[in-house]
Amino acid sequence: MIDYEPLPEKYFDKDALTLAQALLGRVLVHHSPEGTTAGIIVETEAYLSKNDPACHASRGKTKRNAVMFGPPGRAYIYFIYGMYYCFNVVANAQEIGEAVLIRALEPVEGQELMRKRRKKSRSFLDLTNGPGKLCMAMGIDLQLNGFPLFKFPFYLGKGIDIELDMIKSSGRIGINQAQDKPWRFFLQGNQFVSRR
DNA sequence: CGGGAGATGGGCT
DNA sequence: GCCCATCTCCCGA
(Lines give C-alpha, C1' and ligand atoms only; values in the text may rest on other atoms or scores of the structure.)
Protein backbone atom coordinates (compact mmCIF):
# COMPACT_ATOMS: atom_id res chain seq x y z
CA MET A 1 0.00 0.00 0.00
CA ILE A 2 0.92 3.65 -0.11
CA ASP A 3 3.44 4.77 2.52
CA TYR A 4 2.76 8.36 3.63
CA GLU A 5 5.91 8.62 5.77
CA PRO A 6 7.56 11.94 4.76
CA LEU A 7 10.95 11.69 3.02
CA PRO A 8 13.83 13.25 5.04
CA GLU A 9 15.44 16.49 3.84
CA LYS A 10 18.66 14.69 2.89
CA TYR A 11 16.75 12.46 0.45
CA PHE A 12 16.61 15.42 -1.97
CA ASP A 13 20.34 16.09 -1.92
CA LYS A 14 20.97 14.29 -5.23
CA ASP A 15 21.74 15.61 -8.71
CA ALA A 16 18.60 16.42 -10.72
CA LEU A 17 18.90 13.44 -13.08
CA THR A 18 19.07 10.99 -10.17
CA LEU A 19 16.31 12.74 -8.22
CA ALA A 20 13.98 12.90 -11.25
CA GLN A 21 14.02 9.09 -11.42
CA ALA A 22 13.93 8.62 -7.63
CA LEU A 23 10.77 10.76 -7.35
CA LEU A 24 8.71 8.41 -9.56
CA GLY A 25 6.36 6.51 -7.24
CA ARG A 26 6.64 9.01 -4.37
CA VAL A 27 3.40 10.53 -3.06
CA LEU A 28 2.70 14.28 -3.00
CA VAL A 29 0.32 15.31 -0.19
CA HIS A 30 -1.35 18.69 0.41
CA HIS A 31 -3.52 19.28 3.49
CA SER A 32 -5.22 22.57 2.56
CA PRO A 33 -8.04 24.44 4.32
CA GLU A 34 -10.37 23.06 1.63
CA GLY A 35 -9.36 19.45 2.27
CA THR A 36 -6.66 16.91 1.54
CA THR A 37 -5.44 15.86 -1.89
CA ALA A 38 -2.66 13.40 -2.75
CA GLY A 39 -1.18 11.79 -5.84
CA ILE A 40 1.60 9.40 -6.91
CA ILE A 41 4.27 10.99 -9.12
CA VAL A 42 4.30 9.28 -12.53
CA GLU A 43 6.19 11.78 -14.76
CA THR A 44 9.14 14.15 -14.10
CA GLU A 45 11.74 16.25 -15.93
CA ALA A 46 15.27 17.12 -14.79
CA TYR A 47 16.66 20.66 -15.22
CA LEU A 48 20.42 20.72 -14.76
CA SER A 49 22.87 23.34 -13.52
CA LYS A 50 25.40 22.68 -16.28
CA ASN A 51 24.99 22.88 -20.07
CA ASP A 52 21.24 23.26 -19.83
CA PRO A 53 19.98 26.60 -21.26
CA ALA A 54 16.37 25.55 -20.62
CA CYS A 55 16.99 25.52 -16.86
CA HIS A 56 15.70 28.68 -15.15
CA ALA A 57 18.94 28.82 -13.13
CA SER A 58 21.18 28.78 -16.22
CA ARG A 59 21.65 32.57 -16.28
CA GLY A 60 22.34 33.00 -12.59
CA LYS A 61 20.26 33.82 -9.55
CA THR A 62 17.29 36.20 -9.88
CA LYS A 63 14.34 37.05 -7.65
CA ARG A 64 12.18 34.44 -9.40
CA ASN A 65 14.59 31.48 -9.31
CA ALA A 66 16.28 32.19 -5.96
CA VAL A 67 14.70 29.10 -4.37
CA MET A 68 16.57 26.87 -6.83
CA PHE A 69 19.87 28.05 -5.31
CA GLY A 70 18.78 27.29 -1.76
CA PRO A 71 18.79 23.96 0.12
CA PRO A 72 17.26 20.85 -1.54
CA GLY A 73 13.75 19.52 -0.99
CA ARG A 74 12.04 22.90 -1.33
CA ALA A 75 9.15 23.67 -3.67
CA TYR A 76 10.09 25.90 -6.62
CA ILE A 77 6.85 27.23 -8.09
CA TYR A 78 6.51 29.71 -10.94
CA PHE A 79 3.78 31.32 -13.01
CA ILE A 80 3.68 30.42 -16.73
CA TYR A 81 1.70 31.40 -19.84
CA GLY A 82 -0.25 34.03 -17.93
CA MET A 83 -2.53 31.49 -16.22
CA TYR A 84 -0.80 28.40 -14.90
CA TYR A 85 1.70 27.35 -12.26
CA CYS A 86 4.44 24.74 -12.51
CA PHE A 87 5.71 22.81 -9.48
CA ASN A 88 9.36 21.73 -9.14
CA VAL A 89 11.40 20.06 -6.40
CA VAL A 90 14.79 21.68 -5.73
CA ALA A 91 17.62 19.15 -6.15
CA ASN A 92 21.28 18.99 -5.11
CA ALA A 93 23.22 21.13 -2.64
CA GLN A 94 22.90 24.87 -1.97
CA GLU A 95 24.04 27.24 -4.73
CA ILE A 96 24.00 24.49 -7.42
CA GLY A 97 20.69 25.55 -9.05
CA GLU A 98 18.96 22.33 -10.16
CA ALA A 99 15.36 21.15 -9.95
CA VAL A 100 12.92 18.44 -11.02
CA LEU A 101 9.64 19.47 -12.70
CA ILE A 102 6.68 17.33 -11.64
CA ARG A 103 4.68 16.76 -14.86
CA ALA A 104 1.96 14.28 -13.85
CA LEU A 105 0.35 12.56 -10.86
CA GLU A 106 -1.99 9.63 -10.34
CA PRO A 107 -4.69 10.87 -7.91
CA VAL A 108 -5.01 8.74 -4.76
CA GLU A 109 -6.85 11.03 -2.33
CA GLY A 110 -9.28 13.95 -2.56
CA GLN A 111 -10.59 13.19 -6.02
CA GLU A 112 -13.79 15.17 -5.39
CA LEU A 113 -11.84 18.27 -4.33
CA MET A 114 -9.63 17.91 -7.41
CA ARG A 115 -12.69 17.85 -9.63
CA LYS A 116 -14.06 20.95 -7.92
CA ARG A 117 -10.78 22.84 -8.42
CA ARG A 118 -10.60 21.69 -12.06
CA LYS A 119 -14.05 22.67 -13.23
CA LYS A 120 -13.20 22.37 -16.88
CA SER A 121 -11.90 18.83 -16.80
CA ARG A 122 -14.39 16.26 -18.03
CA SER A 123 -12.71 13.02 -17.05
CA PHE A 124 -10.82 11.48 -14.15
CA LEU A 125 -7.78 11.08 -16.42
CA ASP A 126 -7.68 14.85 -17.06
CA LEU A 127 -7.31 15.89 -13.41
CA THR A 128 -3.52 15.75 -12.99
CA ASN A 129 -1.95 14.63 -16.31
CA GLY A 130 0.13 17.79 -16.92
CA PRO A 131 2.18 20.28 -14.87
CA GLY A 132 -0.42 23.08 -14.95
CA LYS A 133 -3.31 20.70 -14.32
CA LEU A 134 -1.78 19.06 -11.27
CA CYS A 135 -1.06 22.43 -9.65
CA MET A 136 -4.71 23.37 -10.12
CA ALA A 137 -5.98 20.05 -8.77
CA MET A 138 -3.63 20.05 -5.75
CA GLY A 139 -4.22 23.73 -4.87
CA ILE A 140 -0.59 24.70 -5.52
CA ASP A 141 0.22 28.38 -6.08
CA LEU A 142 2.97 30.92 -5.33
CA GLN A 143 2.16 30.92 -1.61
CA LEU A 144 3.89 27.53 -1.43
CA ASN A 145 7.05 28.69 -3.26
CA GLY A 146 10.06 27.75 -1.13
CA PHE A 147 8.09 25.44 1.17
CA PRO A 148 10.17 22.56 2.66
CA LEU A 149 8.60 19.39 1.26
CA PHE A 150 9.08 17.26 4.37
CA LYS A 151 6.68 19.15 6.67
CA PHE A 152 2.95 19.45 7.24
CA PRO A 153 0.83 20.54 5.39
CA PHE A 154 2.65 20.04 2.04
CA TYR A 155 5.10 17.17 1.71
CA LEU A 156 6.43 14.21 -0.26
CA GLY A 157 6.03 10.70 1.19
CA LYS A 158 7.64 7.37 0.31
CA GLY A 159 4.62 6.29 -1.76
CA ILE A 160 5.09 2.98 -3.57
CA ASP A 161 8.02 0.89 -4.79
CA ILE A 162 8.82 1.16 -8.49
CA GLU A 163 10.50 -1.55 -10.57
CA LEU A 164 13.48 -0.01 -12.34
CA ASP A 165 12.49 -1.49 -15.70
CA MET A 166 9.18 0.40 -15.55
CA ILE A 167 11.00 3.75 -15.83
CA LYS A 168 11.21 5.10 -19.39
CA SER A 169 12.82 8.33 -20.65
CA SER A 170 12.38 10.80 -23.52
CA GLY A 171 13.14 14.38 -24.52
CA ARG A 172 11.54 17.12 -22.46
CA ILE A 173 8.23 18.67 -23.48
CA GLY A 174 7.32 22.26 -24.30
CA ILE A 175 10.83 23.68 -24.70
CA ASN A 176 13.16 24.16 -27.65
CA GLN A 177 16.52 23.82 -25.89
CA ALA A 178 18.32 20.47 -25.56
CA GLN A 179 15.45 18.48 -27.05
CA ASP A 180 17.87 15.67 -27.83
CA LYS A 181 18.54 15.05 -24.14
CA PRO A 182 16.46 12.22 -22.54
CA TRP A 183 15.78 14.11 -19.34
CA ARG A 184 12.08 13.34 -19.04
CA PHE A 185 11.16 10.24 -17.01
CA PHE A 186 7.84 8.45 -16.69
CA LEU A 187 6.24 5.15 -15.67
CA GLN A 188 5.65 2.97 -18.68
CA GLY A 189 1.99 2.35 -19.40
CA ASN A 190 0.65 4.64 -16.66
CA GLN A 191 -2.56 6.30 -17.84
CA PHE A 192 -1.86 9.59 -16.10
CA VAL A 193 1.37 10.33 -17.99
CA SER A 194 0.83 13.35 -20.28
CA ARG A 195 0.89 12.01 -23.84
CA ARG A 196 2.74 13.02 -27.03
C1' DC B 1 -10.75 12.38 -32.02
C1' DG B 2 -6.68 14.93 -33.65
C1' DG B 3 -4.57 19.26 -35.03
C1' DG B 4 -4.18 24.08 -34.53
C1' DA B 5 -4.64 28.53 -32.64
C1' DG B 6 -5.87 31.76 -28.89
C1' DA B 7 -5.63 33.12 -24.08
C1' DT B 8 -2.72 35.85 -21.05
C1' DG B 9 1.03 38.08 -18.13
C1' DG B 10 5.70 37.92 -16.01
C1' DG B 11 10.60 37.69 -16.95
C1' DC B 12 14.41 38.62 -19.53
C1' DT B 13 17.24 40.55 -23.71
C1' DG C 1 9.07 43.02 -27.68
C1' DC C 2 9.52 38.27 -27.61
C1' DC C 3 9.55 34.00 -25.34
C1' DC C 4 7.77 30.78 -22.74
C1' DA C 5 9.01 23.74 -18.40
C1' DT C 6 0.59 25.08 -20.74
C1' DC C 7 -4.25 24.13 -21.42
C1' DT C 8 -8.68 24.42 -23.59
C1' DC C 9 -11.76 25.25 -27.14
C1' DC C 10 -13.16 24.73 -31.74
C1' DC C 11 -12.98 23.08 -35.99
C1' DG C 12 -13.03 19.48 -39.60
C1' DA C 13 -13.32 14.60 -40.49
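Just so you know, these numbers come straight off a predicted model, no measurement behind them.
- Note: CD (A:Gln179) to C1' (C:dA5) measures 12 Å, nearest angstrom.
- Residues A:Phe185 and A:Glu43 form no side-chain contact, since every pair of their non-hydrogen atoms from C-beta on lies 4.5 Å or further apart.
- In this structure, A:Ile77 places its CD1 atom 16 Å from C1' of C:dT6, rounding to the nearest Å.
- Remark: the separation of the P atoms in B:dG6 and C:dC2 is 16 Å, to the nearest Å.
- Close to C:dA5, at under 4.0 Å from its OP1 or OP2, lies no side-chain N or O of A:Arg184.
- Between A:Leu125 atom CG and C:dT8 atom P the separation is 13 Å, expressed in whole Å.
- Here A:Arg172 does not pair with A:Glu45 in a salt bridge; the nearest charged N to carboxylate O distance is not below 4.0 Å.
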Pair up each side-chain donor or acceptor in residues 86-98 of chain A with any protein partner under 3.5 Å, not counting sequence neighbours, and list the distances.
| residue | atom | partner | partner atom | Å |
| --- | --- | --- | --- | --- |
| A:Asn88 | ND2 | A:Tyr76 | O | 3.2 |
| A:Asn92 | ND2 | A:Glu98 | OE1 | 3.2 |
| A:Glu98 | OE1 | A:Ala16 | N | 2.9 |
| A:Glu98 | OE2 | A:Ser49 | N | 3.0 |
| A:Glu98 | OE2 | A:Ser49 | OG | 3.3 |

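- Atom CD of residue A:Gln179 and atom CD of residue A:Gln177 lie 9.0 Å apart, to the nearest 0.5 angstrom.
- One interatomic measurement links the two molecules: OH of A:Tyr85 to P of C:dC7, which rounds to 14 Å at whole-angstrom precision.
- A:Phe124 has its side chain within reach of A:Pro107: a pair of non-hydrogen atoms, C-beta onward, lies under 4.5 Å apart.
- In this model, the phosphate group of C:dA5 is not approached by any side-chain N or O of A:Asn88 to a distance below 4.0 Å at OP1 or OP2.
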Check step by step if ring pair (Phe, Tyr, Trp, His ring centres under 6.0 Å) holds for A:Phe79 and A:Tyr85. CA-CA 5 Å; A:Phe79 188 58; A:Tyr85 298 102; 5.4 Å; yes
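- Between A:Leu134 atom CG and C:dA5 atom P the separation is 16 Å, expressed in whole Å.
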Can you build the contact string for nucleotides 8-13 of chain B? Use B for base contact, S for sugar-phosphate-only contact, and - for no protein heavy atom under 4.0 Å. BBSSSS
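- Where pairing requires Watson-Crick or G-U contacts shorter than 3.5 Å, the helical stems of DNA chain B with at least three consecutive pairs are B:1-7 with C:6-12, B:9-12 with C:1-4.
- Using a 4.5 Å heavy-atom cutoff, the side chains of A:Asp13 and A:Pro72 are in contact.
- As rounded to whole Å, 16 Å separates atom P of C:dT6 from atom CG of A:Asp126.
- Taking atom CG of A:Leu127 as the reference point, atom C1' of C:dT8 lies 15 Å away to the nearest angstrom.
- One interatomic measurement links the two molecules: OH of A:Tyr78 to C1' of C:dC3, which rounds to 13 Å at whole-angstrom precision.
- Residues A:Met136 and A:Ala54 both approach DNA chain C. Their nearest nucleotides, taken by heavy-atom distance, put A:Ala54 toward the 5′ side.
- With respect to A:Asp126 and A:Arg118, no salt bridge is recorded, no charged nitrogen being found less than 4.0 Å from a carboxylate O.
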What's the verdict on side-chain contact (heavy atoms from CB on, under 4.5 Å) for A:Glu106 and A:Thr128, showing C-alpha distance, side-chain angles and the deciding distance? CA-CA 7 Å; A:Glu106 176 169 342; A:Thr128 54; 6.0 Å; no
